[in-house]
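For reference, the structure is listed below as structure tokens.
Order of appearance sets the numbers: ligands from 1, and atoms from 1 within every ligand. Keep in mind that what you see is a predicted model, and the values were worked out from it rather than measured.
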Amino acid sequence: MNNLVKKVVIVGGGTAGWMTAAYLIKFLAKSDVSITVVESSDIGSVGVGEATIPTIREFYGALGMKDQDVMKATNATFKLGIEFQNWFKPNHSFFHPFAQYGQSVNGVNFHHYWNKMRQHGYEGELSEFSLGVMLAKNGKFTFPAKNPPSPMSVFDWALHFDAGLFAKMLKEYSLERGVTLIDDKITNVNLRENDGFIDTLELENEGVVSGELFIDCSGFQALLIEGALKTGYEDWSEWLLCDRAVAVQSESASEPLPYTISAAEGAGWRWQIPLQHRDGNGHVYSSTHMSDDEATQILLDNVKGSPISEPKSFKFTPGRRVQAWNKNCIAVGLSSGFLEPLESTSIALIELAIQKIRLFFPDQTFDKDVIAEFNDRTKMEYERVRDFVIYHYKANRRGDTDFWRHCESMDIPETLAYKNRLFEKRGHLVKSPYEIFQLPSWLAIYTGNNVQPTGYDTMVDSFGIDYLKNVFDQMRKSVADSVAQAPTHAEFLTKI
Ligand SMILES: Cc1cc2nc3c(=O)[nH]c(=O)nc-3n(C[C@H](O)[C@H](O)[C@H](O)COP(=O)(O)OP(=O)(O)OC[C@H]3O[C@@H](n4cnc5c(N)ncnc54)[C@H](O)[C@@H]3O)c2cc1C
């Protein structure tokens, strides 16, 4: 018999709250489940979160939304990846694309051939073999071919968008389909005496809201999962020193780039995210190594166009909620944990949480095994992102400030050290279960930080150097030809 939970209450109307509401109303509408969102327009939402990874397109695609419609509604631009400036060393940069590098030959990944060639004095850059990187470097964009003529043509893309407009779009979608909205402030959370489950929410003006499943999207406050249920938080500050951010919006100073810029600073890094109508800028830093005033000044000194908002500050502790699902409460978004936006992963982690809620949607028993499975998967998703982000810091050879020297010399989680050893010895790239990033992403970060494996796959020895050089020249030419034919990013935006 179907004894599914019938009454869902979502607390919070930021990006997490409205993404959850839209997805659940789309996929649970026929199950006779009621969905209520409680948000407080007095409190507002965090108001940042403008860079995404390609999974966002699958998310809104599942809701029936088209790329062009989302882009128009959110003033979005195309994102081919991230340029990391000065991370490895000052005056050095590398690119992390959502794209492949080169073409496998004889079933052996391209980078093994490239490693061999490098060991024989070849000086060409890996990026020249990636259409995604070369489009970005030339300020160009085009949609990937529907039937790629070769793996060389494979690349993916994401969006830079106005987070507030995205949440608004999802809110309208949800309300049109029957989600109930209560705009009020939650003043108290009542627990059931017998089992400590959440029973009701007390509101400032509108009385009491009851529910069976509560989804905590209340942001950093974590009103339910922590405030009421005292679930606990795993702190990752030993590896991720940044605990503050300051953000400001500015007028666009030039045509929008088709990528995010992440520029290392003395105690952290700055972002620049181009939208159609303005830029988003921010500085993420360690409060142990830099004052708030200094961090704000560095941000303002580097903003290209005139600022159009007051600088807004954020405090956070990197880490994750020990259990994303506790009793009848599931945390989604900032209430479930936070990893700095270096690789734009927060919204992607929200998508994964929502997909798991659909997959493991509870019945009235709140089965312990279902909850355990949900929590195990969430833990792995968070830890794999954590490792990827940590590596960006660990790999630096800047040596110029205490912050960067600490990052270079710090111990790292064994899960990351293991991955690194596999690459450093023979160039093996491994994707762990529940990892968001694909192997080329790791390759981009390793090679971007000048990590050269000492060996390579022995299969590549079946080809001579001259033969490989010829193949490489053809691959580079094929990428360069495709780039030459593509319009600029601005032209493409105008066209669509
Ligand atoms: C500096 C910074 C930069 C970021 N950049 C990126 C990025 O580039 N890419 C990315 O993917 N992610 C990024 N993120 C993360 C991203 O912003 C969040 O994951 C996303 O916005 C989701 O936030 P949220 O909905 O969980 O919380 P919020 O936006 O804070 O929403 C919380 C909601 O809860 C409501 N609420 C809170 N308390 C109460 C109460 N008592 N009663 C009623 N309602 C209440 C609020 O009104 C609000 O509606 C960034 C985060 C920060 C801090």
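Contact analysis leaves Thr187 out of contact with ligand 1, as no non-hydrogen atom separation drops below 4.0 angstrom. Judged by the shortest distance from any of its heavy atoms, Leu223 lies inside the 4.0 Å radius around the atoms of ligand 1. Within the structure, the closest approach of Ser218 to ligand 1 falls below 4.0 Å when heavy atoms are considered. At a 4.0 Å cut-off, not a single heavy atom of Ala247 sits close enough to ligand 1 to count as contact.
Phe388 and His392 have perpendicular rings, their planes meeting at more than 60° on a 0 to 90° scale where under 30° would count as parallel. Note: Tyr60 and Phe166 have perpendicular aromatic rings, judged against thresholds of 30 and 60 degrees for the angle between ring planes. Taking the six-membered ring for Trp and thresholds of 30 and 60 degrees, Phe98 and His96 have ring planes more than 60 degrees apart, a perpendicular arrangement.
With distances taken over non-hydrogen atoms, the option nearest atom 9 (N) of ligand 1 out of Ala51, Pro341, Gly49 is Ala51.
Shown in contact with Phe338 at under 4.0 Å from a heavy atom are these atoms of ligand 1, numbered in order with element: 51 (C), 52 (C), 53 (C).
Contacts with ligand 1 closer than 4.0 Å are made by no heavy atom of Ala163, backbone or side chain.
Every residue meeting the salt bridge (Lys or Arg N to Asp or Glu O under 4.0 Å) condition with Asp387, not counting sequence neighbours, appears here in chain and number order: Arg384.
Nearest heavy-atom pair, Pro97 versus Val133, reported as atom, atom and distance to 0.1 Å: CG-CG2, 3.4 Å.
Of the N or O atoms in Ala348, none lie within a sub-3.5 Å distance of an N or O in ligand 1.
Side-chain rings of Phe143 and Trp157 approach one another, their centers coming within less than 6.0 Å.
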